[in-house]
Asks: 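Got a structure for you, questions after.
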Amino acid sequence: MLQVANIIAEKERFIKGLEKRGIADAEALLNEVIALDDDRKKTQQQLDTNLSEANSISKQIGALMKEGKRGEAEVVKSRTAELKTLNKSLGEQLNDFQERLKQALYNIPNIPHDSVPVGKTDEDNEEIERVGDFPQLADNAQPHWDLIKKYDIIDFELGIKITGAGFPVYKGKGARLQRALVNFFLDEAVAAGYAEVQPPIVVNEASGYGTGQLPDKEGQMYHIGSENMYLIPTAEVPITNLYRDVILTEDALPVRHAGFTPCFRREAGSWGAHVRGLNRLHQFDKVEIVQIRKPEESYDALQEMCDHVSRILTKLELPFRKLRLCSGDLGFTSVLTFDYEVYSAAQEKWLEVSSVSNFETFQANRLKLRYKDENKKSVLLHTLNGSALALPRIMAAILENNQTEGGIKIPEVLIPYTGFDLID
RNA sequence: AGAGGCGUGGCAGAGUGGUCGAAUGCGGUGGUCUUGAAAACCAUUGUACCGCGAGGUACCGGGGGUUCGAAUCCCUCCGCCUCUGCCA
């Protein structure tokens, strides 16, 4: 969430930033925050003064009791009774202001980067790079949902039987290819300097708030009612929350982590006729990369992460494009996001396979993730993350783009991982 | 899951109603000494909020309560340990 001090100091910039996201009453929203913070401060000042007085009276009483002057002590007590009533109500007011301030801040998104183009939907995203050539497929080329049946490598019906729609079962060479991709992605990430972690895939409420999925995306996560926990929608949540309530020393930076997890998304309301096969699932596998950086380094880190995604897509020989998300498509917590889409040739569609974002201090502020600078001051860090990569759509593109009469060719880099070079 | 025990500063570990933000040791930082290092000695060493400042307030797992006053007593939640049960 945003920092109140920054809102006060740079109000105009924040208003413009929120308006860029299409929030009409941005100024009113920020004024409310500032007013609540002001109320909070005033209430706290009054409360602190009263507490100070009550503390000193208590000490007096202690001293009097020790000297055996019970009568005098009783006299002084009358004032403390007064203060007690007063402070109880001040304390309630303070809690109320703090709670309202928190709620207000939870519901305000991050301020977009200057380079973020203004736009409403994904159609307004800015294409900034295109790499690789479209494959020339035969006239009878098939989309992946037909190919998986033809070669019996992914079974949606079985998934429906044991769970429901959007939970496919990978079989045989399909399962092996899936595992090959996971291992390839992890090896690439480790080689690029990311320390591998294997986090829990169920998280508590505090973690959900830490990275901003709560309260914003509550309805998109699977909730385990009996435990009040959530199935993770991305490894970003557990990995970034590793650093919740942490003050890092400078020599621990930069932090780079990579982790493989299944991801779970309810995708409520986002299903449609255009969504078929592997294009959108409730459960899918993903390797995620996360960085924690000093503020002045975070945009270099963002570039570094983008380069990493480009590199592995190139190695997989998949045609892809890089997009700068417009203000309307930008995630709630993000300042700047680049999406990567691969071209899936039989559907003739671009499929999003990665999203790389810099959140600056938005998550760190909630997480209380800081480091001690050279002056021993606590400074909020910047958090970043990116998919490297999400599996199903990569799988879809490989199946479609590499189909031949004789079967589906496995990209060179994956053959050591699959142990075969053809799905037939 | 049941019974019992426990949760204190970076770590270890005192503290069971007042002067305790908290002894002591270790670790960290600065200094003295030394050619340098070690040892020794001295000093310093949590976080957040409010305040121009002096300073004030809060925090001893989280929340609530009793009391003039709570690390200390009570309730509750969370976590950890031991034993019993179950189990990959």
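Numbered from 1 within each chain, the chains take letters A, B, ... in sequence-line order.
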Asks: Does a side-chain N or O of A:Arg370 approach OP1 or OP2 of B:rU47 to a distance below 4.0 Å, or not?
Replies: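 No, A:Arg370 has no side-chain N/O under 4.0 Å of OP1/OP2 on B:rU47.
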Asks: For a quick check of understanding: with a heavy-atom distance under 4.0 Å over all strands, which category does A:Leu51 fall into, base, sugar-phosphate or nothing?
Replies: sugar-phosphate
Asks: How far does the C1' atom of B:rG21 sit from the matching atom of B:rC49, given to the nearest Å?
Replies: 16 Å
Asks: Does a side-chain N or O from A:Lys59 land closer than 4.0 Å to OP1 or OP2 of B:rC68, or not?
Replies: no
Asks: Would you measure the distance from the C1' atom in B:rC83 across to the matching atom in B:rG13 and give it in whole Å?
Replies: 26 Å
Asks: Report yes if at least one side-chain N or O of A:Gln45 is closer than 4.0 Å to OP1 or OP2 of B:rG51; otherwise report no.
Replies: yes
Asks: Using the P atoms only, state how far B:rU24 lies from B:rA43, rounded to an integer number of Å.
Replies: 11 Å
Asks: Minimum heavy-atom separation for A:Leu384 and A:Arg293, please, with both atom names.
Replies: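 Minimum heavy-atom separation between A:Leu384 and A:Arg293: CD1-CG, 3.8 Å.
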Asks: Quick one: which of B:rG65, B:rG51, B:rG18 gets closest to the side chain of A:Met65?
Replies: B:rG18
Asks: Scan A:Arg40 against the nucleic acid and name what it touches under 4.0 Å (heavy atoms): base, sugar-phosphate only, or nothing.
Replies: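 Sugar-phosphate contact only - A:Arg40 comes under 4.0 Å of backbone atoms but never of a base.
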Asks: Which one is paired to B:rG69, where only Watson-Crick or G-U wobble pairs with both distances under 3.5 angstrom count?
Replies: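 Its partner: none found.
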Asks: In whole Å, what separates the C1' atom of B:rA70 from that of B:rU16?
Replies: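 B:rA70 and B:rU16 have their C1' atoms separated by 11 Å.
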Asks: Are any of A:Asn228's side-chain N or O atoms less than 4.0 Å away from OP1 or OP2 of B:rC78?
Replies: no
Asks: Please evaluate residues A:Lys77 and A:Thr80 with respect to the criterion side chain to side chain contact (heavy atoms under 4.5 Å, CB included), reporting the C-alpha separation (whole Å), side-chain torsions for both, the decisive distance (0.1 Å), and the verdict.
Replies: CA-CA 5 Å; A:Lys77 274 190 193 178; A:Thr80 64; 4.3 Å; yes
Asks: Quick one: which of B:rC50, B:rU47, B:rC68 gets closest to the side chain of A:Gln44?
Replies: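 Within the option list, the nearest is B:rC50.
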Asks: Looking only at side-chain N and O atoms, does A:Asn55 come under 4.0 Å of OP1 or OP2 in B:rG56?
Replies: no
Asks: When all nucleic acid strands are considered with a 4.0 Å heavy-atom cut-off, which category describes A:Ser378: base, sugar-phosphate, or nothing?
Replies: sugar-phosphate
Asks: If we call it a pair only when both distances are under 3.5 Å in a Watson-Crick or G-U wobble match, what pairs with B:rA14?
Replies: none
Asks: Taking the side chain of A:Lys84 as heavy atoms from C-beta outward, which of B:rU67, B:rG18, B:rG51 is closest to it?
Replies: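 Out of B:rU67, B:rG18, B:rG51, the nucleotide with an atom closest to A:Lys84's side chain is B:rU67.
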Asks: Counting only side-chain N and O atoms of A:Ser52, is one of them less than 4.0 Å from OP1 or OP2 of B:rU57?
Replies: yes
Asks: Taking atom C1' in both B:rG85 and B:rA3, compute the distance separating them and give it to the nearest angstrom.
Replies: 11 Å
Asks: Taking atom P in both B:rA88 and B:rC73, compute the distance separating them and give it to the nearest angstrom.
Replies: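 After rounding to an integer number of Å, I get 42 Å for this pair.
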Asks: Rounded to whole Å, how long is the line connecting atom CD of A:Glu205 with atom C1' of B:rC78?
Replies: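 Atom CD in A:Glu205 sits about 13 Å away from atom C1' in B:rC78.
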Asks: Measuring only the P atom in each nucleotide, how far is B:rC26 from B:rG69? A whole number of Å is fine.
Replies: 39 Å
Asks: Under a 3.5 Å cut-off for both distances, is B:rG4 Watson-Crick or wobble paired, and to whom?
Replies: B:rC81
Asks: Which of these passes salt bridge (Lys or Arg N to Asp or Glu O under 4.0 Å) with A:Arg256: A:Glu196, A:Glu288, A:Glu304?
Replies: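 Among A:Glu196, A:Glu288, A:Glu304, the one meeting salt bridge (Lys or Arg N to Asp or Glu O under 4.0 Å) with A:Arg256 is A:Glu304.
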Asks: Respond yes when some side-chain nitrogen or oxygen of A:Thr80 is under 4.0 Å from OP1 or OP2 of B:rG69, and no when none is.
Replies: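 It does not, given that no N or O in the side chain of A:Thr80 lies less than 4.0 Å from OP1 or OP2 of B:rG69.
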Asks: Between B:rU47, B:rC68, B:rG65, which one does the side chain of A:Lys372 approach most closely?
Replies: B:rU47
